[in-house]
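First the structure, in the form of structure tokens, and then the observations on it.
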Amino acid sequence: QIVTIPNEINNLKNLKELNLSHNNIKIINIEIFNLLKLEILYISSNEIVEIPSEINNLQNLKILDLTFNKIKTISISITKLLNLKKLYLQ
């Protein structure tokens, strides 16, 4: 299980789907929000407490799964994800 998202993930410029579920991630690194072609992000079953405002950079995001985390705060900027079709929170 990984604890942090490596900064080098930023190099995957054409990545469309990323599954980081079932780890021990506590903080979503800002680098992940530079993956501008990302359409699907699964980050369920981690230890995440907050979704940063930079999430609005992911304008191509269609599916976002944040279930089974410890989220207390979601930035209002999530409402700027105009292509988002499915948002999973639990």
Side-chain angles (χ1 to χ4, degrees):
Q1 290 185 333
I2 62 173
V3 178
T4 60
I5 303 167
N7 292 339
E8 291 78 15
I9 200 159
N10 192 29
N11 296 330
L12 304 172
K13 300 289 183 198
N14 291 312
L15 192 66
K16 291 192 174 198
E17 182 173 341
L18 178 60
N19 189 336
L20 294 166
S21 298
H22 301 283
N23 285 289
N24 286 318
I25 300 169
K26 293 182 177 163
I27 296 172
I28 302 177
N29 297 18
I30 252 170
E31 284 79 12
I32 201 171
F33 302 121
N34 291 323
L35 299 174
L36 301 181
K37 294 187 179 181
L38 198 64
E39 294 179 1
I40 301 171
L41 176 58
Y42 298 109
I43 197 161
S44 65
S45 300
N46 280 282
E47 303 290 321
I48 297 167
V49 178
E50 179 182 6
I51 306 301
S53 62
E54 289 82 4
I55 195 164
N56 70 343
N57 291 348
L58 300 178
Q59 285 298 305
N60 288 312
L61 201 63
K62 294 178 181 171
I63 300 172
L64 176 59
D65 185 352
L66 299 166
T67 55
F68 302 108
N69 279 287
K70 297 180 177 179
I71 298 172
K72 295 177 182 172
T73 304
I74 298 178
S75 171
I76 193 74
S77 66
I78 201 167
T79 61
K80 295 180 181 172
L81 297 175
L82 301 180
N83 288 308
L84 193 65
K85 305 288 184 213
K86 296 182 180 182
L87 172 62
Y88 300 101
L89 299 167
Q90 189 169 358

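Computed from a predicted structure; not experimentally measured.
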message: Walk me through whether Thr67 and Leu89 qualify under side chain to side chain contact (heavy atoms under 4.5 Å, CB included).
response: CA-CA 5 Å; Thr67 55; Leu89 299 167; 5.7 Å; no

How long is the gap from [atom1] on [X] to [atom2] on [Y], to the nearest 0.5 Å?
X     : Y     : atom1 : atom2 : result
Lys80 : Asn57 : NZ    : CG    : 10.5 Å
Gln59 : Leu82 : CD    : CG    : 5.5 Å
Lys85 : Lys62 : NZ    : NZ    : 7.5 Å
Ile76 : Thr79 : CD1   : OG1   : 4.5 Å
Leu35 : Ile9  : CG    : CD1   : 6.0 Å

With no hydrogens and no angle check, just 3.5 Å: does a side-chain donor-acceptor pair link [X] and [Y]?
X     : Y     : result
Gln1  : Asn24 : yes
Ser21 : Ser45 : no
Asn29 : Asn7  : yes
Lys37 : Asn14 : yes

message: Between Leu20 and Ile32, is the side chain to side chain contact (heavy atoms under 4.5 Å, CB included) condition met? List the steps.
response: CA-CA 11 Å; Leu20 294 166; Ile32 201 171; 3.9 Å; yes

- prompt: Would you say Lys86 has more than 12 foreign heavy atoms packed within less than 6.0 Å of its NZ?
  reply: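 Not more than 12 within 6.0 Å, no.
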
Looking at side-chain heavy atoms only, is the closest gap between [X] and [Y] below 4.5 Å?
X     : Y     : answer
Ile55 : Phe33 : yes
Ile71 : Leu66 : yes
Ile27 : Ile48 : no
Ile25 : Thr4  : no
Ile51 : Ser75 : no
Tyr42 : Glu17 : yes

message: Which residue is it: Leu87, Leu41, Ile40? I am looking for the one with a side-chain contact (heavy atoms from CB on, under 4.5 Å) to Ile63.
response: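 With Ile63 as partner, side-chain contact (heavy atoms from CB on, under 4.5 Å) holds for just one option, Ile40.
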
field: Asn83 side chain vs Asn60 backbone, donor-acceptor pair below 3.5 Å
entry: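 No; judged by distance alone, with no hydrogens or angles, the pair does not exist.
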
task: Please answer whether the main-chain N or O of Ile78 pairs with a side-chain N or O of Asn56 as donor and acceptor at a distance below 3.5 Å.
output: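 Side chain of Asn56 to backbone of Ile78, a donor-acceptor pair under 3.5 Å: no, none is there.
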
Are [X] and [Y] connected in the hydrophobic side-chain network, where two residues link if heavy atoms are under 4.5 Å apart?
X     : Y     : result
Leu38 : Tyr88 : no
Leu18 : Leu84 : yes
Phe68 : Ile2  : no
Ile30 : Val49 : no

- request: Evaluate the criterion side chain to side chain contact (heavy atoms under 4.5 Å, CB included) for residue pair Val3 and Asn23; output intermediate values, then yes/no.
  value: CA-CA 7 Å; Val3 178; Asn23 285 289; over 6 Å; no

query: Salt bridge check: are Glu47 and Lys26 linked by an N-O gap of less than 4.0 Å?
result: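 No, no charged N to carboxylate O under 4.0 Å.
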
- request: Could you check Asp65 against Asn19 for side chain to side chain contact (heavy atoms under 4.5 Å, CB included), going step by step and ending with a plain yes or no?
  value: CA-CA 9 Å; Asp65 185 352; Asn19 189 336; over 6 Å; no

